[in-house]
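What follows is a single structure, written as structure tokens, with notes after it.
These numbers come from the heavy atoms of this one structure, side chains and all, not from hydrogens, waters or symmetry mates. Throughout, a chain's letter reflects where its sequence line sits, starting with A, and its residues are numbered from 1.
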There are 2 protein chains.
Amino acid sequence: MTATTQQTRHDSPEQLLTPGEVAALFRVDPKTVTRWATAGRIGSIRTPGGHRRFRESEVRTLLDELTRDAETGR
Amino acid sequence: MTATTQQTRHDSPEQLLTPGEVAALFRVDPKTVTRWATAGRIGSIRTPGGHRRFRESEVRTLLDELTRDAETGR
DNA sequence: AAGAAATCGGGTAATTCGGGCC
DNA sequence: CCTGTCCGAATTACCCGATTTC
């Protein structure tokens with residue numbers, strides 16, 4: 001059973017997302033997400049290989065803010 | 001101080017993590033963690049059967065070092 | 001002693017990185 | 001200023017069968 005949550009033991013403090021997944025959530029190019037990270041607009045964690053991972057909670061918060069912004073007519 | 005250092009369970013001073021657990025922390029494939037060990041980017045201990053185990057302290061340090069959080073300001 | 005899950009290997013697609021340009 | 005796309009190079013993900021772990 002391995003699909004959404006993979007925790008065999010211990011606990012993960014936070015769930016991480018790949019650039020592609022974040023890009024899909026915002027409907028933008030993965031490259032754009034990378035630029036956000038470079039610009040410091042979103043926190044990122046690097047793998048030893050140099051690839052970026054993003055905190056799901058942070059992404060969700062950002063996404064939620066944008067949604068709320070649109071609704072408020074901002 | 002007569003029976004305080006006694007660990008009823010086999011709790012080693014160094015907690016060891018499986019490739020799957022390390023992979024979950026970085027949100028990568030367990031195979032990738034193996035590749036890191038082969039490349040010498042992370043220390044690994046082999047079981048008599050050839051499986052790899054990783055020191056939790058080392059993994060934590062590495063993860064913490066590669067974590068560029070949303071620092072100060074915004 | 002037997003079984004399910006995980007990790008070994010290798011080999012081949014799919015992502016991501018980085019810079020530069022529109 | 002911000003985003004999308006093209007390129008080459010590097011990293012990572014999924015495929016298999018066999019072995020190890022618990």
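Atom CG of L16(A) and atom C1' of dT16(C) are 16 Å apart (whole Å). One atom, CG of L17(A), and another, P of dT16(C), lie 11 Å apart when rounded to the nearest Å. Straight-line distance from the CZ atom of R46(B) to the P atom of dT21(D): 11 Å, rounded to whole Å. Per the geometry, CD1 belonging to I45(B) stands 19 Å off P belonging to dT20(D), to the nearest Å.
Here NE2 of H51(A) is found 13.0 Å from OG of S44(A). Values are rounded to the nearest 0.5 Å. For the atom pair I42(B) CD1 and R52(B) CZ, the distance stands at 11.0 Å (nearest 0.5 Å).
OP1 or OP2 of dC8(C) has at least one side-chain nitrogen or oxygen of T34(B) nearer than 4.0 Å.
Base-pairing analysis of DNA chain C finds the following stems of at least three consecutive Watson-Crick or G-U pairs, with both pairing distances under 3.5 Å: C:3-19 with D:6-22.
For E14(A) (side chain) and E56(A) (main-chain N/O), no donor-acceptor pair under 3.5 Å exists by modelled atom type. T38(A) places a side-chain N or O within 3.5 Å of a backbone atom of T34(A) that can act as its donor or acceptor partner. At least one donor-acceptor pair under 3.5 Å links the side chain of T61(A) to the backbone N or O of S57(A). Panel note: side chain R53(A), backbone R27(B); a donor-acceptor pair is recorded below 3.5 Å.
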Show the distances under 3.5 angstrom between N or O atoms of the protein and N or O atoms of nucleotides 10-13 of chain D.
| residue | atom | partner | partner atom | Å |
| --- | --- | --- | --- | --- |
| dT11(D) | OP1 | R41(B) | NH2 | 3.4 |
| dT12(D) | OP1 | T47(A) | OG1 | 3.2 |
| dT12(D) | OP1 | G49(A) | N | 3.3 |
| dT12(D) | OP1 | W36(B) | NE1 | 3.2 |
| dT12(D) | OP2 | W36(B) | NE1 | 3.4 |
| dA13(D) | OP1 | D29(B) | N | 3.4 |
| dA13(D) | OP2 | D29(B) | N | 2.7 |
| dA13(D) | OP2 | T32(B) | OG1 | 2.5 |

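The nearest pair of heavy atoms linking F54(A) to A37(A) is CE2-CB, 3.8 Å. In plain terms, the two heavy atoms of F26(B) and P48(A) that are nearest each other are CE2-CD, 4.0 Å.
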